[in-house]
Amino acid sequence: MISSGRQAREADADERTPAWLKVPPVVSDIVVAAVTGLVAVLPATVGPQPMRFAYTAALFALLAAGCVALVFRRRYPWVVWGVTIVLGLMAMVISGGPTPMSVPAIVALYTVSSQTPMREAIAATLVSILIPTAFILLSPHQLVTAVAYGVVVWNVVALLAGTVVRTQRGIVEAANERARLAEATREEEAQLRVAEDRIRIARELHDVVAHHVSAINVQAGVAGVLIRSDPDAAAEALAHVRRASQEILREMPAMLGVLRTTEDRMAIEPSPRLADLERLISRSRATGLDVVLTITGTPQEFSSAAELTAYRVVQESLTNAGKHGIGTVEVGIDQNPEWLTVTVGNRLRPSATIDETHARYGLQGMHERVSAVGGQLSVGIEHGKWLVRARIPAQPGEGLRP
């Protein structure tokens, strides 16, 4: 997704570029080489005759070789720079003094300066200055001093121009990288929000529906067994099925309201609280589950997130007890100013395994809910019973979501 976004951005930029600017690099390098050769030939054709530089066939060949080398300056900047320096020195030896052959070497130095770190560019500039200058100062030419200064100035200009281009290119690349990272971060955040919403939907759907569907499944099975032998008991079981389905229909709008709610808005229906535990346990008892509720401690003012989390823990634990447990289910609620502690314990059926119980999505949902409000959840076998224990802070931190 990220690479496709970058490709689309580059495609848009390419479409906005005028056709006459879409020139391959090799074409532009050929143009630069041709212009460099033209500039180097100008001293032989411009100005009064006595001041014109006298080109020989050998010098023209060296100039042509230097210009051809410039075509490859992007791919091999150091090689081209070295070649042009050597060709310039050869031209000085042949002519006995300074020649226009320094022009290709200056262009090559600019390329090196625009593609290499500052320290290496300065070193190349010093070489480009010192070698020709030393040769010029050792020659008896009449314009020794002026030409020597000219070599220094033009090579320094090439260094500065290349440095400016390299710096600007770095700024542009850094800006593009920041834009790419910003786009990647936005896409990752969007994917994370989608994943969180999917988990939220799955958790709400499981918490609201699974408990009642489990009860419906049990009671429907009872009704199927007793329909002929004990019609009254079968009718009572079907009545439990009807009540459980009504509970699903009653809670479904609240669940849909939660799913349509963003973090900054309240749900359409009030969330279940500790006061609703009695009704939850009564429904479980009606399905044949033996539940004992014990409340200890001093009643406190708990946050709605804490009470909803406690309610969902008890609800899921009762659902699992009906599926995998036998005997009495002991539900304990302990209240103090700092913590709301929920414990649910029951014996497992001989056929139930710890791995099977751990594999349930409900336990995963409980872990997510309790962790979201800053609490701790532990599940496992203690004293021969399957025990779920949740410690929920009385006032979860801001921004935490049950």
Heavy-atom pair of closest approach, residues Ala306 and Pro393
CB-O, 3.5 Å
Beyond-backbone contact of Leu274 with Tyr311, side-chain heavy atoms, under 4.5 angstrom:
no
Would Ser28 and Arg74 count as having a side-chain donor-acceptor pair, cut-off 3.5 Å?
yes
Closest non-hydrogen atom pair between Thr84 and Ala105, with its separation:
OG1-CA, 3.4 Å
What is the distance from atom CG of Leu289 to atom OG of Ser284, rounded to the nearest 0.5 Å?
6.0 Å
Would you say Glu338's side chain and Asn336's backbone share a donor-acceptor pair under 3.5 angstrom?
no
Evaluate the criterion side-chain contact (heavy atoms from CB on, under 4.5 Å) for residue pair Arg312 and Glu316; output intermediate values, then yes/no.
CA-CA 6 Å; Arg312 294 304 190 196; Glu316 176 59 26; over 6 Å; no
If I compare all heavy atoms of Gly162 with all of Tyr110, which pair ends up nearest, and what's the gap?
N-CD1, 3.5 Å
Could you pull out the closest heavy-atom pair between Pro337 and Ala394, with the gap in Å?
O-CB, 3.4 Å
Is the count of non-hydrogen atoms from other residues, nucleotides or ligands lying under 6.0 Å from Glu120 atom CD greater than 12?
yes
Any sub-3.5 Å donor-acceptor pair from Arg169's side-chain atoms to Gln115's backbone N or O?
no
Atom CG in Leu348, atom CG in Asn320: separation rounded to 0.5 Å?
9.5 Å
Around atom CZ of Arg75, are there more than 12 heavy atoms from other residues, nucleotides or ligands closer than 6.0 Å?
no
Hey, is Arg73 close enough to Asp29 for a salt bridge, meaning N to O under 4.0 Å?
yes
Within a radius of less than 6.0 Å around CD of Glu236, do more than 12 heavy atoms belonging to other residues, nucleotides or ligands occur?
no
Separation between CH2 (Trp386) and CG (Asn346), nearest 0.5 Å, reads 9.5 Å
Check against side-chain contact (heavy atoms from CB on, under 4.5 Å), Val292 and Val329:
CA-CA 6 Å; Val292 175; Val329 182; over 6 Å; no
How long is the straight-line distance from CD1 of Ile381 back to CZ of Arg347, given to the nearest 0.5 Å?
11.5 Å
Under the side-chain contact (heavy atoms from CB on, under 4.5 Å) rule, what do Arg389 and Val342 come out as? Steps first, then yes or no, please.
CA-CA 6 Å; Arg389 179 183 291 110; Val342 179; over 6 Å; no
Are Val80 and Leu70 close enough that some pair of their side-chain heavy atoms sits under 4.5 Å apart?
yes
State, with a plain yes or no, whether a side-chain heavy atom of Gln335 is found less than 4.5 Å away from one of Ile295.
yes
Any Met118 side-chain heavy atom under 4.5 Å of Thr163 side chain:
yes
When rounded to the nearest 0.5 angstrom, what distance separates CD1 in Ile94 from CG in Leu89?
11.0 Å
Between CG of Asp334 and OG1 of Thr341, what distance do you get to the nearest 0.5 Å?
5.0 Å
Val313 versus Val388: any side-chain heavy-atom pair under 4.5 Å?
yes
For Val370 versus Ala390, what's the shortest heavy-atom pair and its separation?
CG2-CB, 4.2 Å
NZ/NE/NH1/NH2 to OD/OE distance under 4.0 Å, Glu177 and Arg180
yes
Can you name the closest pair of heavy atoms from Ala33 and Cys67 and give their distance?
CB-O, 3.1 Å
Before giving the answer on side-chain contact (heavy atoms from CB on, under 4.5 Å), spell out for Leu318 and Val291 the whole-Å C-alpha distance, their side-chain angles and the decisive distance to 0.1 Å.
CA-CA 9 Å; Leu318 292 178; Val291 184; 4.1 Å; yes
Would you mind reporting whether Ser371 and Leu377 have side-chain heavy atoms less than 4.5 Å apart?
no
Is the closest side-chain heavy-atom distance between Ile106 and Asn155 below 4.5 Å?
yes
Side-chain heavy-atom pair Trp81, Leu109 within 4.5 angstrom cut-off
yes
